[in-house]
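Supplied in structure tokens, the structure appears directly below.
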Amino acid sequence: METINLMDPKRRRQNNVTLIVGYVLVACVILMLSVVLLYIAFGYGYKNGRVIQSGLLFVSSTPRPAQIYIDGKQYKDTTNTRLFLPEATYDFTLRRAGYRSWGRSIAVVGGQVESYSYPFLFPDSLTASTVQDYAGMPVLTTQSPDRRWLMIARPGSLTAFDVYDLNNPKKAPVVLNLPATLLSAGTSQRLQLVAWSGDNAHVLLRHFYANKAEYVLVSRTAPAASVNLTQTLVLPGSGIDLRLDNGKYNQYLALDEATHILSRPTLAAPTQLPYVNGVLAFAASGTNTLLYATPDSSDKTKVVINLYDGQHTYAIRRAPGKTTYLLALSSYQGDLYVAVSATSENAAFLYKNPVSQITNKKLGAAVPIRVLNIKAPNAVVFSPGGQYVAFEHGANFAVYDAENQQRFTYTVPANLDAPQSQAAWMDGARLQYISQGQLTVFDYDGQNRQTIVSADAQYLPYFDPNYKVLYTLVQAAADKSHELLTTTPLRTAADQ
């Protein structure tokens with residue numbers, strides 16, 4: 001009987017319609033579930049009659065874990081964690097027993113992901129202990145890029161150094177003695193750090209004596225192999241700006257400030273062959289990337305800031321002549337950032353991949369991604385890792401965050417003690433300077449300023465490789481002629 005009914009055309013059409021309607025309803029349900037899932041996955045919510053999209057935050061801290069407080073209320077998780085929060089502005093605070101709290105206002109933007117992995121919590125109580133009492137002022141202190149090796153010149157000597165292994169703080173320093181013939185004799189002698197090589201085993205120093213200057217390459221691991229580069233490379237006794245080329249200890253960039261010729265001598269081939277002419281100031285990055293200022297042939301009152309990639313020269317911008325130029329290069333997440341300014345200007349210019357802009361047929365020129373307002377800047381430096389670049393003039397700062405594309409302009413409340421001319425990066429996200437005899441540390445955006453310990457402004461503070469211990473030099477209270485090397489734990493006893 002059922003078979004007969006199915007043979008009926010009218011009944012068959014009704015069944016087909018029923019099936020189609022069923023399929024449509026099932027499809028609608030699947031679509032609605034998919035929309036709901038996507039809606040949730042992309043952080044959408046519904047509040048007060050309107051749709052709100054959430055943002056995703058990653059929050060970490062050193063040390064960790066730390067409790068997270070949002071608008072004064074404790075969050076269910078601790079650092080490290082991720083948080084989905086509706087689009088809004090929140091007051092964040094991180095707390096850990098025995099440590100000073102860290103806090104800032106965070107604007108959560110719907111659909112965006114932000115990372116706050118840099119918060120550093122300093123202990124409530126900081127106590128410095130003396131490691132070494134130097135009966136005089138060292139002429140030089142310096143730390144290797146990996147922060148493992150701390151070199152301190154012995155008072156009264158330019159050729160004897162105490163070398164501390166910060167990975168083994170209980171180990172006595174090794175005495176490094178340079179060859180007696182390495183430095184030329186003369187009056188009014190002093191040493192100046194130029195740079196460490198990338199191998200953490202060689203350091204380039206400038207030796208001033210009798211109104212002259214020479215460059216020496218010190219080998220930390222084989223002191224007897226140290227080299228007087230001025231003699232080896234046959235450099236003039238003045239007017240030479242010598243730097244390491246690409247961080248290599250045996251190859252150099254040498255600018256003759258009289259002829260404005262930049263050469264690239266090496267220990268293997270010391271002959272100074274011209275590399276680039278007309279160089280007034282320069283900064284280098286990598287193997288061949290060179291940023292330099294050169295006279296403008298069409299306007300004698302101007303200079304051109306050029307970028308040279310080893311094959312082609314590209315004009316980035318024109319700047320006023322007869323001034324001091326601030327030039328810096330860095331790479332971040334595969335992009336080249338170029339920072340340019342001059343002490344006579346009241347602005348700083350930041351470019352991202354300018355060559356690709358110049359070679360773009362539709363654009364054809366380098367356009368800054370940001371112009372930072374700062375009056376007469378005297379320094380520019382990228383943070384380790386390249387995420388931030390800071391222009392500064394005394395207590396005034398202009399900072400750009402490449403990852404989050406944000407800029408910050410601020411003034412710190414106290415001036416830098418002489419002879420400091422600029423703040424230095426403590427790590428990849430914090431700056432440091434000494435004011436009124438106290439080390440001050442603050443985040444890249446000027447927030448979370450902390451006064452740490454007493455320090456002598458003539459020497460940089462140093463940190464061990466894990467940022468668990470701070471090393472400073474400070475004048476002895478009992479005898480100002482003595483300089484004390486001190487250590488300060490940056491973890492509580494429970495965390496050591």
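In what follows, every heavy atom counts, from backbone to side chain, and hydrogens, waters and symmetry copies are set aside.
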Could you check whether atom CZ of Arg449 has more than 12 heavy atoms from other residues, nucleotides or ligands sitting under 6.0 Å from it? yes
Test log, rule side-chain contact (heavy atoms from CB on, under 4.5 Å), inputs Tyr75 and Val59: CA-CA 12 Å; Tyr75 187 68; Val59 181; over 6 Å; no
Step-by-step side-chain hydrogen bond (donor to acceptor under 3.5 Å, both in side chains) determination, Thr472 to Thr486: CA-CA 5 Å; Thr472 53; Thr486 66; 2.6 Å; yes
Identify, with sequence neighbours excluded, every residue that meets side-chain hydrogen bond (donor to acceptor under 3.5 Å, both in side chains) alongside Asn168.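 For Asn168, the residues satisfying side-chain hydrogen bond (donor to acceptor under 3.5 Å, both in side chains) (neighbours in sequence not counted) are Asp165.
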Just checking Phe349 against Tyr351, ring centres under 6.0 Å apart? no
Who pairs with Tyr467 by ring pair (Phe, Tyr, Trp, His ring centres under 6.0 Å), at least two apart in sequence or on another chain?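 Here the qualifying residues are Phe463.
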Could you tell me if the side chain of Gln189 sits less than 4.5 Å from the side chain of His207, heavy atoms only? yes
Quick one: list whatever passes ring pair (Phe, Tyr, Trp, His ring centres under 6.0 Å) with Tyr249, sequence neighbours left out. His202
How about Asn396 and Thr409: do any of their side-chain heavy atoms sit closer than 4.5 Å? no
Criterion side-chain contact (heavy atoms from CB on, under 4.5 Å) on Arg82 and Leu56, from CA distance to verdict: CA-CA 7 Å; Arg82 62 179 185 174; Leu56 176 61; 3.9 Å; yes
Distance in Å, Asp456 CG paired with Lys480 NZ, rounded so as to fall on 0.5 Å steps: 10.0 Å
When rounded to the nearest 0.5 Å, the distance separating CG of Leu193 from CG of Leu460 is 9.0 Å
Any non-hydrogen side-chain atom of Leu416 less than 4.5 Å from a side-chain atom of Ser435? no
Can you tell me how far apart CG (Leu158) and CG (Leu140) are? Round to the nearest 0.5 Å.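 Spacing of CG (Leu158) from CG (Leu140) equals 9.0 Å.
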Which donor-acceptor pairs under 3.5 Å do the side chains of residues 374-391 make with protein atoms, sequence neighbours left out?
unit_1 : atom_1 : unit_2 : atom_2 : d
Asn378 : ND2    : Ser421 : O      : 3.3
Ser383 : OG     : Tyr388 : N      : 3.1
Ser383 : OG     : Tyr388 : O      : 3.3
Gln387 : NE2    : Asp401 : OD1    : 2.9

Using the side chain to side chain contact (heavy atoms under 4.5 Å, CB included) criterion, which residues pair with Asn288? Sequence neighbours excluded. Arg264, Tyr275
Check whether any side-chain heavy atom of Arg317 sits under 4.5 Å from a side-chain heavy atom of Val340, and report yes or no.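 Result yes, sub-4.5 Å side-chain heavy-atom pair found.
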Does the side chain of Val108 reach to within under 4.5 Å of the side chain of Thr89, using non-hydrogen atoms? no
Hey, is Asp245 close enough to Lys248 for a salt bridge, meaning N to O under 4.0 Å? no
Side chain to side chain contact (heavy atoms under 4.5 Å, CB included) against Ser331, all qualifying residues, sequence neighbours excluded: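 So Ser331 forms a side chain to side chain contact (heavy atoms under 4.5 Å, CB included) with Leu336.
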For Ser60, the side-chain hydrogen bond (donor to acceptor under 3.5 Å, both in side chains) test, sequence neighbours excluded, returns Asn80
List in chain and number order the residues that pass ring pair (Phe, Tyr, Trp, His ring centres under 6.0 Å) with Phe442, two or more places apart in sequence or in another chain; answer none if no residue qualifies. Phe397, Tyr433
Quick one: list whatever passes side chain to side chain contact (heavy atoms under 4.5 Å, CB included) with Pro145, sequence neighbours left out. Trp196, Asn200
Donor-acceptor pair between Thr451 and Gln438 side chains, under 3.5 angstrom: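 Result is no, nothing qualifies.
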Between His482 and Gln475, is a side-chain hydrogen bond (donor to acceptor under 3.5 Å, both in side chains) present by the stated rule, with each step listed? CA-CA 6 Å; His482 281 231; Gln475 286 185 340; over 6 Å; no
Side-chain ion pair, Lys352 and Asp335, N-O less than 4.0 Å: yes
Residues in side-chain hydrogen bond (donor to acceptor under 3.5 Å, both in side chains) contact with His393, at least two apart in sequence or another chain: none
Test side-chain hydrogen bond (donor to acceptor under 3.5 Å, both in side chains) applied to Gln406 - qualifying residues, sequence neighbours left out: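 For Gln406, no residue satisfies side-chain hydrogen bond (donor to acceptor under 3.5 Å, both in side chains) once neighbours in sequence are set aside.
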Could you state the interatomic distance from OG1 (Thr93) to CD1 (Ile70), rounded to the nearest 0.5 Å?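 That separation rounds to 10.0 Å.
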Hey, are Asp464 and Arg148 close enough for a salt bridge, meaning a charged N less than 4.0 Å from a carboxylate O?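 Between Arg148 and Asp464 there is no salt bridge, as every charged N stays at least 4.0 Å from the carboxylate O atoms.
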So which of Ile240, Leu205, Leu242, Val216 actually passes side chain to side chain contact (heavy atoms under 4.5 Å, CB included) with Leu229? Leu242
To the nearest 0.5 Å, tell me how far Thr287 OG1 sits from Asn246 CG.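 With rounding to 0.5 Å, OG1 (Thr287) is 4.5 Å from CG (Asn246).
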Between Tyr459 and Glu483, does the side-chain contact (heavy atoms from CB on, under 4.5 Å) criterion hold? Intermediate values first, please. CA-CA 11 Å; Tyr459 308 99; Glu483 202 77 21; 3.6 Å; yes
Within 45° of the axis and under 6.0 Å from the centre of the six-membered ring of Tyr444, does NZ or CZ of Arg430 qualify?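 No, a cation-pi geometry is absent between Arg430 and Tyr444.
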Interatomic distance, Asp162 atom CG to Ile152 atom CD1 [nearest 0.5 angstrom]: 7.0 Å
Please determine whether ring pair (Phe, Tyr, Trp, His ring centres under 6.0 Å) holds for the pair Tyr410 and Phe408, giving the CA-CA distance in whole Å, both sets of side-chain angles, and the decisive distance to 0.1 Å. CA-CA 7 Å; Tyr410 55 89; Phe408 307 89; 7.7 Å; no
Counting heavy atoms not belonging to Gln436, are there more than 12 under 6.0 Å from its CD? no
Worked verdict on Glu114 versus Asn404 for side-chain contact (heavy atoms from CB on, under 4.5 Å): CA-CA 8 Å; Glu114 292 191 54; Asn404 298 299; 4.2 Å; yes
Taking the side chain as every heavy atom from C-beta outward, state whether Tyr462 and Thr141 have any pair of such atoms under 4.5 Å apart.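 Yes, their side chains come closer than 4.5 Å.
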Please walk me through it: do Arg104 and Asp443 pass salt bridge (charged side-chain N to carboxylate O under 4.0 Å, His left out)? CA-CA 10 Å; Arg104 62 163 296 154; Asp443 293 347; over 6 Å; no
Taking the side chain as everything from C-beta on, heavy atoms only, tell me whether Arg407 gets closer than 4.5 Å to Val399.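 They are not in side-chain contact.
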May I ask you to establish whether Arg190 and Tyr209 are in a cation-pi arrangement, using a distance under 6.0 Å from NZ or CZ to the six-membered ring centre and at most 45° from the ring axis?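 Not satisfied by the 6.0 Å and 45° rule.
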Between Gln67 and Arg96, is a side-chain hydrogen bond (donor to acceptor under 3.5 Å, both in side chains) present by the stated rule, with each step listed? CA-CA 6 Å; Gln67 289 76 41; Arg96 181 178 170 89; over 6 Å; no
Which residues pass the ring pair (Phe, Tyr, Trp, His ring centres under 6.0 Å) test with Tyr69, not counting sequence neighbours?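 Not a single residue meets the ring pair (Phe, Tyr, Trp, His ring centres under 6.0 Å) criterion with Tyr69.
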Is Thr487 close to Leu470 at the side-chain level, that is, under 4.5 Å between some pair of heavy atoms?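 No, too far: nothing below the 4.5 Å cut-off.
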